[in-house]
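Shown next, in structure tokens, is the structure this report addresses.
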Protein chains: 2
Amino acid sequence: MATLQDIARLAGVSTATVSRTLSNPGLVAEATRAAVLAAVEQTGYQVNHAARNLRMQRAGSIIALVPNLANPFFSQILAGISSVLTPEGFGLLVADTQAGPDPDSRLRQYLRGGVADGLILFDGNLSLAALDVPDSPPVVAACEWLGDTLPSVRVENAHGAELAVRHLFDAGHRTIGYLTGPKGNVLNVTRQEGYLAALATLGLPSNQAWIYEGDFSLDSGAMAAARWIADPMRPGAMFCASDEMACGFMGAIQRAGLHVPRDVSVIGFDNIEVAAHMTPTLTTIRQPRTLIGERAANMLLKMIATKSINIETEIIPVELVERSSVANPAHASRALVTQN
Amino acid sequence: MATLQDIARLAGVSTATVSRTLSNPGLVAEATRAAVLAAVEQTGYQVNHAARNLRMQRAGSIIALVPNLANPFFSQILAGISSVLTPEGFGLLVADTQAGPDPDSRLRQYLRGGVADGLILFDGNLSLAALDVPDSPPVVAACEWLGDTLPSVRVENAHGAELAVRHLFDAGHRTIGYLTGPKGNVLNVTRQEGYLAALATLGLPSNQAWIYEGDFSLDSGAMAAARWIADPMRPGAMFCASDEMACGFMGAIQRAGLHVPRDVSVIGFDNIEVAAHMTPTLTTIRQPRTLIGERAANMLLKMIATKSINIETEIIPVELVERSSVANPAHASRALVTQN
DNA sequence: AGAAGCGATGTAATCGATTTCAACGGGGAC
DNA sequence: GTCCCCGTTGAAATCGATTACATCGCTTCT
């Protein structure tokens, strides 16, 4: 491995000049710069990050803390983050908040340790108190958020819910249920508020019995389907707080011999990749995941560069993706009759 | 941020002693050790990784190079890697081979740069030549592999294919097709060999026309379905080289008004999470993804620790997961009759 | 008694890049 | 002609942890 010293010797200049050529080329004369760059080219020199980071008092990486690394939802977001970080010379460290025993203390450890120059937090369940660490690097919340003391990147959650409910309404539905995320989760709370607000503006009844509990997972969607089937007062359409739950819900409904959208219309949230390939294809609210990652990374880099903490909230638009899991209930009944 | 010096001063010893207490406690006397640890406790000291890495001539992280970070298949594997690396003080860097313009040169850059102490490669399409870099850190191939000059962790791909074909055979199928992965991909080649071998041992005909081209993606599965439908000589069962393709295939089949497994039995490979929630639920070959990640990480750590390159290949068993996308073709026809 | 051995600890060099400060040479202003 | 300034460059300090080597007491062996 060639070092700065080697380049300096080869180019007949001092290490200071080499360093300047690489990081602040405006300061060195044209001819010298050429000589240095030639030496760099010849040796295939690459900076030693450990040395640079030590000298510059930084860690050279940022951490993404996700609630569950095994959840495919995050992979695309990570790709977005990575694409912004890499050109800036930062590495992306990923860690799982659920992996260890005590998420809060692990978070605190990351903040204190100088392990990273910044942190992107995807888990809204951590305690705000854990963030209160002296000299902690900047933190950006993404997707989920904690209070309003942290800069964050999120999507139009309530608006997405309203889009979903209005779409079901436009299709002719008047009884619309909601399949929730984990109790207390900010995304879930906000989407549920959007759901209730939309019902209100549309003059539709809301009914506590139409709210089914879930936790965003496939399995919880399937379990909710069983409760839906057993419910004599069940709504004719379900807005699910995540696509995974919507998929689980539809799967279980159909395994029970019922049909989507004939017997129940379903709409999800996220637009995960399989949504377009389910039977029926899933109507949903699209979240631009790569964009979320990019924005969060950019926001964090800006905070690192300026050493300032401006608590801004970036809201990313969502949109309805119409597919075939929603139908007019009247038509559906007719179809039911002909089919039998 | 407290440094080693601070601890040394506080405990009334030298930095050498503090360092030893932390990394090799056996070398220091009981009493001194206690004093040092008390000082560490009091200040909340954490090592500066940049300094340690510089001194120890290592990067402190390993890179996972995946062909496509946005592919959910990898998230669980990354979780497995991460769980092994974190306790050992290594960070996990993730990078996407497809993100930039020239994957090979990016790979070479990672190897040369001292950016990482090791590399886990999930992309079998890179050229072996790109790996030939002086002083490159150890590399482990996982899932896919390149030639046999690299240690690797993989699953029983051919055996998985045989399990799949035999299962279809046992269900009564005699015409069994194969939906391929990308041409030239090692996983695809191996699974196809397993498929052909199984046909041969079962005394079944093989037919070039029954081999449909795909590339592991959902969309390619859907496109293959269109070709299958248009094919007068189509096989009665399809073994798909990936679950994503199987999902895409089933979805498109059913959107065309046909039914799985009534009109065609389908079996996938991977056991991705949604497989159990598709309509119908997807019979498939399970790959233990977390385990793959853990094994690859352990193998790499061993190589880093011993500085040796022993070219071992670890093969991880797969198993058939029976669900409901496979049916006896005779029964299926009967069901068809009753249903209409 | 003297040498040798051993456990515990300190001194100081070292990793490689960045950056402050000083120095140098030449051009323009007075 | 002298002075000053500016562009360019180099010498050397610095970041924080690790570790080879030296040192110092003591015990133990001959």
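First the proteins, then the strands, lettered A, B, ... as listed; each starts at 1.
In this structure, the CG atom of N53(B) is 12 Å from the P atom of dA17(D), given to the nearest Å. Straight-line distance from the CD atom of Q57(A) to the C1' atom of dT14(D): 9 Å, rounded to whole Å. Atom CG in L4(A) sits about 15 Å away from atom C1' in dT14(D), given to the nearest Å. Atom CD in Q5(A) sits roughly 12 Å away from atom C1' in dA11(D) (whole-Å rounding).
Each end of the helix from dA1(C)-dT30(D) to dC30(C)-dG1(D) yields a helix axis from five base pairs, and these two axes differ in direction by 50° (to the nearest 10 degrees).
Atom-to-atom distance recorded for L131(A):CG and T149(A):OG1 is 7.5 Å, nearest 0.5 angstrom. Here the straight-line distance linking atom OG of S14(A) with atom CZ of R20(A) works out to 6.0 Å at 0.5 Å rounding. Distance check, rounded to the nearest 0.5 Å: NE2 of H49(B) to CE of M56(B) gives 11.0 Å. Remark: L78(B) CG to R289(B) CZ distance equals 11.0 Å, nearest 0.5 Å.
Take F74(A) and apply the ring pair (Phe, Tyr, Trp, His ring centres under 6.0 Å) test, not counting sequence neighbours, and it matches F122(A). Here E314(B) pairs with R295(B) under the side-chain hydrogen bond (donor to acceptor under 3.5 Å, both in side chains) rule; sequence neighbours left out.
Residue contacts shown for T3(B) are limited to sugar-phosphate atoms, with no base heavy atom under 4.0 Å away.
L126(B) is listed as a side-chain neighbour of T97(B), based on a closest heavy-atom distance under 4.5 Å. Within the 4.5 Å cutoff, side-chain heavy atoms of I304(B) are placed close to those of I62(B). The shortest side-chain heavy-atom distance between V36(A) and R33(A) does not fall under the 4.5 Å cut-off. Using a 4.5 Å cut-off on side-chain heavy atoms (C-beta onward), V18(A) and V13(A) make contact.
Here salt bridge (charged side-chain N to carboxylate O under 4.0 Å, His left out) pairs that include residues 1-14 of chain B, with residues two or more places apart or in two chains, are D6(B)-R9(B).
Put simply, chain B comes within 4.0 Å of DNA chain C, heavy atom to any atom, from dA8(C) to dG16(C), going 5' to 3'.
Side-chain N/O atoms of R52(B) include one lying less than 4.0 angstrom from OP1 or OP2 on dT18(D).
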Sub-3.5 Å pairs of nitrogen or oxygen atoms, protein against nucleotides 6-10 of chain D:
from: dT9(D); atom 1: OP1; to: T32(A); atom 2: OG1; distance (Å): 2.3
from: dT9(D); atom 1: OP2; to: A29(A); atom 2: N; distance (Å): 3.0
from: dT9(D); atom 1: OP2; to: T32(A); atom 2: OG1; distance (Å): 3.2
from: dG10(D); atom 1: OP2; to: S14(A); atom 2: N; distance (Å): 2.9
from: dG10(D); atom 1: OP2; to: S14(A); atom 2: OG; distance (Å): 3.2
from: dG10(D); atom 1: OP2; to: T17(A); atom 2: OG1; distance (Å): 2.6
from: dG10(D); atom 1: N7; to: R20(A); atom 2: NH2; distance (Å): 2.9
from: dG10(D); atom 1: O6; to: R20(A); atom 2: NH1; distance (Å): 3.4

